[in-house]
Amino acid sequence: MSTFRLHVVTPMRDFYSGEVEYVSVGTPDGREGFLSGALPRVAVLSAGVIEIKTSVIETRIVCGDGLVSVTPSGVTVLSEHCRFEGEAVEDDERPVHDDAVKLAKTKLATSIKNIRKRKGTDVK
């Protein structure tokens, strides 16, 4: 199976980077999975679990809200916070919610919905 570059980033650090075969993320419209060669797009990331599969291992990352960008060079996940499933959460690693970030995410989600409506691909 073909691989692609996955990069998971938080405001505090580059959380994960590597070649993967498959990644699945939660969005407001449900789960989306990506393989090598996925069509370019930007999507809103819903807090939950990112599932990663490589030829060697399957990994689950618990994440906060954010954005997902799919380009020909790979998938980038921008999340307010991340931790590997099963890891304890330190008090200083808890997400800090910023009203400006919430407003930006809302505007992006609205813009994506409006684009889908114009293209006739909105299912709701």
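Just the heavy atoms: all of them, side chains too, but no hydrogens, waters or symmetry mates, feed the values below. One is the number of the first residue; the rest follow in order along the sequence.
Ring centroids of Phe15 and Phe84 are separated by less than 6.0 Å, placing the two rings close together.
Counting heavy atoms from C-beta outward, His7 and Asp14 have side chains that approach closer than 4.5 Å. Annotation: side chain of Ile50 is in contact with side chain of Val23 (closest heavy-atom distance under 4.5 Å). Two residues are said to be in side-chain contact when any heavy atoms from C-beta on lie closer than 4.5 Å; Glu51 and Arg31 meet this criterion. Looking at heavy atoms from C-beta onward, Val20 lies out of side-chain contact with Phe34 at the 4.5 angstrom threshold. Taking 4.5 Å as the limit, some side-chain heavy atom of Arg5 sits within range of a side-chain heavy atom of Ser17.
At least one donor-acceptor pair under 3.5 Å links the side chain of Ser79 to the backbone N or O of Gly64. Checking side-chain atoms of Asp65 against main-chain N and O of Ser46 turns up no donor-acceptor pair under 3.5 Å. A distance-only check finds a donor-acceptor pair linking the side chain of Thr54 to the backbone of Ile57 [under 3.5 Å].
If you take CZ on Arg60 and OG on Ser24, they are separated by 9.0 Å, rounding to the nearest 0.5 Å. We find the CD-OG1 distance between Glu80 and Thr10 to be 10.0 Å, quoted to the nearest 0.5 Å.
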Q: Would you check, one step at a time, whether the test side-chain contact (heavy atoms from CB on, under 4.5 Å) holds for Arg116 with Asp29?
A: CA-CA 12 Å; Arg116 286 180 177 165; Asp29 295 325; 2.6 Å; yes
Q. Which is it for Val44 and Thr27 under the side-chain contact (heavy atoms from CB on, under 4.5 Å) test, yes or no, and what are the steps along the way?
A. CA-CA 6 Å; Val44 175; Thr27 71; 5.8 Å; no
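Taking 4.0 Å as the cut-off between side-chain N and carboxylate O, Lys53 and Glu21 do not count as a salt-bridged pair.
Leu78 is not connected to Tyr16 by any chain of hydrophobic side-chain contacts under 4.5 Å among Ile, Leu, Val, Met, Phe, Trp and Tyr, and they are in different clusters.
Screening residues 32-42 for side-chain hydrogen bond (donor to acceptor under 3.5 Å, both in side chains) gives no qualifying pairs among residues at least two apart or on separate chains.
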N/O donor-acceptor pairs under 3.5 Å from side chains in residues 68-77, not counting sequence neighbours:
from  : atom 1 : to    : atom 2 : distance (Å)
Thr71 : OG1    : Ser73 : N      : 3.3
Thr71 : OG1    : Ser73 : OG     : 3.0
Thr71 : OG1    : Gly74 : O      : 3.3

